[in-house]
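Here is the structure we will look at, set down as structure tokens.
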Amino acid sequence: MIDIKNITKSFGSLQVLKGIDLHIDKGEVVSIVGPSGAGKTTLLQIIGTLDKPDTGSVCVDGIDTTTLSQKALADFRNRHLGFVFQFHQLLPEFTAIENIMIPAYIAGTSNKAAKERAKELLQFMGLTNRANHKPNELSGGEKQRIAVARALVNSPAVILADEPSGSLDTKNKEELHQLFFDLRDKFGQTFVIVTHDEQLATITDRTIHMRDGLLDIPLVSEFSADIK
């Protein structure tokens, strides 16, 4: 599903990633943990095609994203990847259902199909009655669930999350963490989650530790061994 080979990345004289090799299986829920400055978010951004590595290759769903043009990258990102951030990044002028539909519009989906998909996701999230509420009328947990639904609207192969529960209270954190597994079981997505939340890290299929731009993990996924 995701194959990363010899990824390096520097910003000026500072080398942030120092040669990353990593394989993540389809349907795996992986957490990436480590101290601030370890390179976690930079790695996530490179997997998500938001930044390019200095060296190496990143293959997602069989496509080497490092060889794509900017236009092809934008299309790939919209159709194959979903993003969830610490702060939901919902557009305040749009309702919950409209926020969910935006990536579908960008992909050229018809209004009818986009709305049907958004309604399906709202129902799965238990937020059907919040469809026409704007973000300032939603709780923190509801906003983050809407953000997750937005990430799922184009049925991407991979969901990338950067500190997704960092702004939530304990109850909403636990609900969001369980949601990731429920979504994997229902829709089959692969989840890559950067987090400082130890509770979340302990329940993922695999925890990847980063320190000083390097990984401290076995190259073979335990998830792969479990399903063989």
Side-chain angles (χ1 to χ4, degrees), residues 1-4 22 24-32 40-51 58-63 65 68 72-91 94 96-109 113-127 131 135 138 141-168 175-195 200 204-205 208:
M1 168 51 65
I2 301 175
D3 279 298
I4 298 169
L22 177 64
I24 297 172
D25 287 301
K26 178 177 174 58
E28 195 173 8
V29 180
V30 170
S31 57
I32 302 177
K40 305 182 301 297
T41 294
T42 299
L43 177 59
L44 195 75
Q45 289 175 338
I46 288 174
I47 296 173
T49 75
L50 298 172
D51 201 354
V58 180
C59 291
V60 180
D61 210 13
I63 297 172
T65 62
L68 299 178
L73 267 179
D75 182 66
F76 177 87
R77 192 181 305 124
N78 178 254
R79 295 177 183 276
H80 294 267
L81 304 173
F83 297 88
V84 181
F85 303 99
Q86 179 175 353
F87 301 102
H88 49 80
Q89 307 290 354
L90 300 179
L91 297 178
F94 295 107
I97 193 169
E98 289 168 343
N99 267 284
I100 295 170
M101 293 167 65
I102 288 171
Y105 285 145
I106 294 172
T109 305
K115 184 169 285 190
E116 287 177 356
R117 173 65 171 161
K119 286 181 177 179
E120 175 192 8
L121 290 167
L122 280 166
Q123 183 176 13
F124 186 83
M125 302 288 175
L127 294 174
L138 302 173
E142 288 171 340
K143 290 175 186 176
Q144 199 62 307
R145 283 176 172 261
I146 295 299
V148 173
R150 179 183 58 190
L152 289 163
V153 71
N154 287 336
S155 301
V158 179
I159 301 295
L160 303 170
D162 193 357
E163 298 289 358
S165 58
S167 62
L168 301 178
E175 291 178 354
L176 182 66
H177 296 167
Q178 184 57 49
L179 176 64
F180 291 147
F181 290 92
D182 293 343
L183 290 168
R184 187 268 301 275
D185 294 342
K186 182 173 177 63
F187 299 114
Q189 268 94 6
T190 301
F191 284 79
V192 183
I193 308 165
V194 165
T195 185
L200 174 56
T204 55
D205 298 318
I208 297 169

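For the side-chain contact (heavy atoms from CB on, under 4.5 Å) with P164, the qualifying choice from V194, I159, L176 is L176, the only one to do so. With I4 as the partner, the side-chain contact (heavy atoms from CB on, under 4.5 Å) test is satisfied by one option alone out of I46, L43, I24: L43.
Minimum interatomic distance between L138 and A96 (heavy atoms only, all atoms of both residues): CD1-CB, 4.4 Å. Taking each heavy atom of L121 and A149 in turn, the nearest pair found is CD1-O, 3.3 Å. The nearest pair of heavy atoms linking M1 to D25 is CB-C, 3.7 Å. P135 and K143 get closest at one heavy-atom pair: O-CE, 2.8 Å. Listed here is the closest heavy atom pair of R77 and G48: NE-O, 3.6 Å. In plain terms, the two heavy atoms of T204 and S31 that are nearest each other are OG1-OG, 2.9 Å.
For the pair R117 and F187, the cation-pi criterion (under 6.0 Å, within 45° of the ring axis) is fulfilled.
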Exercise for review: Start with the C-alpha gap between V60 and H80, add the side-chain angles, then the distance that decides, and say whether side chain to side chain contact (heavy atoms under 4.5 Å, CB included) holds.
Suggested key: CA-CA 8 Å; V60 180; H80 294 267; 5.5 Å; no
Practice item. Go through the steps for D61 and V158 under the test side chain to side chain contact (heavy atoms under 4.5 Å, CB included), then give the verdict. Key: CA-CA 9 Å; D61 210 13; V158 179; over 6 Å; no
Practice item. Apply salt bridge (Lys or Arg N to Asp or Glu O under 4.0 Å) to the pair D75 and R79, showing each step before the final yes or no. Key: CA-CA 6 Å; D75 182 66; R79 295 177 183 276; 2.8 Å; yes
Check your understanding: Does the side chain to side chain contact (heavy atoms under 4.5 Å, CB included) test come out yes or no for F124 and L152, once each step is laid out?
Key -> CA-CA 11 Å; F124 186 83; L152 289 163; over 6 Å; no
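Rounding to the nearest 0.5 Å gives a distance of 12.0 Å between NZ of K40 and CD of Q45. Here the CD1-CZ distance, from I63 to F76, works out to 5.0 Å after rounding to the nearest 0.5 Å. Summarising the geometry, atom CD1 belonging to I146 is positioned 11.5 Å from atom CD belonging to E98; distances are rounded to the nearest 0.5 Å. Distance check: T41 OG1 to L160 CG gives 11.5 Å after rounding to the nearest 0.5 Å. Here the CZ atom belonging to F180 is positioned 7.0 Å from the CG atom belonging to L200, to the nearest 0.5 angstrom. The structure places CG of L44 at 6.0 Å from CD1 of I32, a figure rounded to the nearest 0.5 Å.
The backbone N or O of L127 sits nowhere less than 3.5 Å from a side-chain atom of R145 that would complete a donor-acceptor pair. For D51 (side chain) and T42 (main-chain N/O), no donor-acceptor pair under 3.5 Å exists by modelled atom type. At distances below 3.5 Å, not a single donor-acceptor pair connects side-chain atoms of E28 with backbone N or O atoms of Q189. Looking only at distances, a side-chain donor or acceptor of T190 sits under 3.5 Å from a matching main-chain atom of G27. Between the side chain of N99 and the backbone N or O of A147 there is no donor-acceptor pair closer than 3.5 Å. A distance-only check finds a donor-acceptor pair linking the side chain of D205 to the backbone of V29 [under 3.5 Å]. Judged by distance alone, the side chain of T109 and the main-chain N or O of A114 form no donor-acceptor pair under 3.5 Å.
Remark: Q123 engages T128 in a side chain to side chain contact (heavy atoms under 4.5 Å, CB included) (not counting sequence neighbours). A search for salt bridge (Lys or Arg N to Asp or Glu O under 4.0 Å) contacts involving E175 returns K171, not counting sequence neighbours.
Between M101 and I97 there is a side-chain heavy-atom pair separated by less than 4.5 Å.
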